Protein chains: 2
Amino acid sequence: MPNLTDYIEEYIKKMLALSSDQCIEVKRRELAGKFSCVPSQINYVLERRFSPERGYLVESRRGGSGCIKIYRINGEQAKILQELIEDACKNSYDSERLRQLIERMREEKIISRREAAILEVVTGKDIYEALGLNPEQSIELRHRIFKEALHKLIKPGY
Amino acid sequence: MPNLTDYIEEYIKKMLALSSDQCIEVKRRELAGKFSCVPSQINYVLERRFSPERGYLVESRRGGSGCIKIYRINGEQAKILQELIEDACKNSYDSERLRQLIERMREEKIISRREAAILEVVTGKDIYEALGLNPEQSIELRHRIFKEALHKLIKPGY
DNA sequence: TTGAATCTGACCTTCTCTGACCAATATTAT
DNA sequence: ATAATATTGGTCAGAGAAGGTCAGATTCAA
């Protein structure tokens with residue numbers, strides 16, 4: 001009944017549960033070997049079942065003794081991230097609201113201080129007003145930028 | 001899991017930490033001997049892990065009693081960024097040019113991949129075109145956003 | 001039956017490591 | 001002094017070892 005992807009997912013989750021720090025390291029080839037499948041199957045599983053949206057982070061290194069690291073980001077963080085994305089995608093926050101969101105993301109360590117700094121600058125109203133955009137355009141643009149940036153950041157691989 | 005390069009990097013960093021003045025001197029052969037590898041491996045490590053972009057400076061002297069000096073430097077990144085910014089500020093780069101600049105900064109490790117992703121999104125032309133801005137406004141805005149974001153990043157503390 | 005999820009394989013990129021050969025500098029012999 | 005030699009470090013191409021990507025085949029479920 002369950003398929004290969006399910007088994008691999010289950011296996012990884014067990015490993016994570018056994019790990020002390022919510023973080024495991026695997027070799028793609030080895031793991032694939034353990035399930036007698038092609039290595040890229042592992043990528044598929046990671047993409048589908050261990051995405052940021054589901055509360056996981058994946059990092060990897062190529063080359064000799066390369067590996068794949070899988071982190072569980074704490075449930076709170078994951079929830080906040082989802083909220084933020086949904087929120088931000090619904091509709092136009094004013095610049096103060098956006099600023100608060102960014103601040104919160106930084107506090108929750110979803111983004112770094114530098115990333116927050118960039119986002120604050122590019123979603124601040126000063127830039128747009130100085131250019132003679134009307135308020136509607138300005139809000140729309142900030143909103144758009146924020147959304148796009150967030151989408152980029154939660155993409156697998158980032 | 002760590003590989004030879006990691007070990008050598010770690011060793012050098014420990015030495016640096018122990019040094020009083022953020023500067024150490026090593027013999028390439030000796031160091032290679034300590035890790036049972038070929039001498040050029042040391043060059044590889046220095047190139048990959050102790051680049052200026054990562055905040056290090058390497059000097060060497062050949063010949064009898066030659067040696068390699070490794071310094072930890074501060075503020076070098078800021079200098080590189082300053083130059084880039086000045087260039088970008090003088091010449092109003094188009095979106096492709098900006099993209100290349102961002103790419104280069106990422107390659108040089110001045111900004112992270114995530115930071116690069118944000119910058120690429122916010123300076124890409126797609127966002128502005130969809131909003132019906134005329135080309136001049138669009139260019140001006142991208143330019144401004146890029147400048148502001150970078151200025152923020154090189155502020156002390158970032 | 002049809003569209004989404006799963007799975008495979010061919011090909012690609014990145015990182016590491018080695019070895020042969022090159023370049024520079026100090027030391028020693030003449 | 002000058003030339004020869006020894007001692008260092010530098011460069012580069014290539015092999016090998018991971019992991020990544022993507023299109024297409026297959027399977028599954030509505």
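Labels below follow one simple rule: chain letters A, B, ... track the order of the sequence lines, proteins then strands, and each chain is numbered from 1. The structure presented is a predicted model; accordingly, all values stated were derived computationally and were not measured.
- Not a single side chain to side chain donor-acceptor pair (under 3.5 Å) links Glu120(A) to another residue, sequence neighbours left out.
- A ring pair (Phe, Tyr, Trp, His ring centres under 6.0 Å) check over residues 22-49 of chain B, counting only residues at least two apart or in different chains, returns the pairs Tyr11(B)-Phe35(B).
- Taking the side-chain contact (heavy atoms from CB on, under 4.5 Å) definition, one finds that Arg62(B) meets it with nothing, sequence neighbours left out.
- Between the side chain of Arg29(B) and the base of dG9(D), no donor-acceptor pair of N or O atoms lies under 3.5 Å.
- In this view, Tyr71(A) satisfies the ring pair (Phe, Tyr, Trp, His ring centres under 6.0 Å) rule with no residue, not counting sequence neighbours.
- Atom NZ in Lys69(A) sits about 13 Å away from atom P in dG19(D), given to the nearest Å.
- For the pair Glu47(A) CD and dT8(C) C1', the computed distance is 15 Å after rounding to whole Å.
- The interatomic distance linking Ile42(A) (CD1) with dT21(D) (C1') rounds to 15 Å, in whole Å.
- Spacing between atom CG of Leu46(A) and atom P of dT21(D) amounts to 11 Å, rounded to whole angstrom units.
- At a threshold of 4.0 Å, the pair Glu9(A)-Lys13(A) counts as salt-bridged, since one of the basic side-chain nitrogens sits closer than that to a carboxylate oxygen.
- At a threshold of 4.0 angstrom between heavy atoms, the contacts of Ile68(B) are confined to the sugar-phosphate backbone, with no base atom among them.
- Every residue two or more places apart in sequence or in another chain was checked for a side chain to side chain donor-acceptor pair (under 3.5 Å) with Ser40(B), and none qualifies.
- Nucleotide dC7(C) holds its C1' atom 10 Å from the CD1 atom of Ile8(A), rounded to whole Å.
- The phosphate of dG20(D) has OP1 or OP2 within less than 4.0 Å of a side-chain N or O from Ser60(A).
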Base versus backbone protein contacts along nucleotides 15-30 of chain C [heavy-atom cut-off under 4.0 Å; B, S, -] | BBBBB---BBBS----
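- Residue Asn43(B) contributes atom CG, which lies 5 Å from atom P of dG10(D) at whole-angstrom precision.
- What separates CZ of Phe50(A) from P of dT6(C) is a distance of 13 Å, to the nearest Å.
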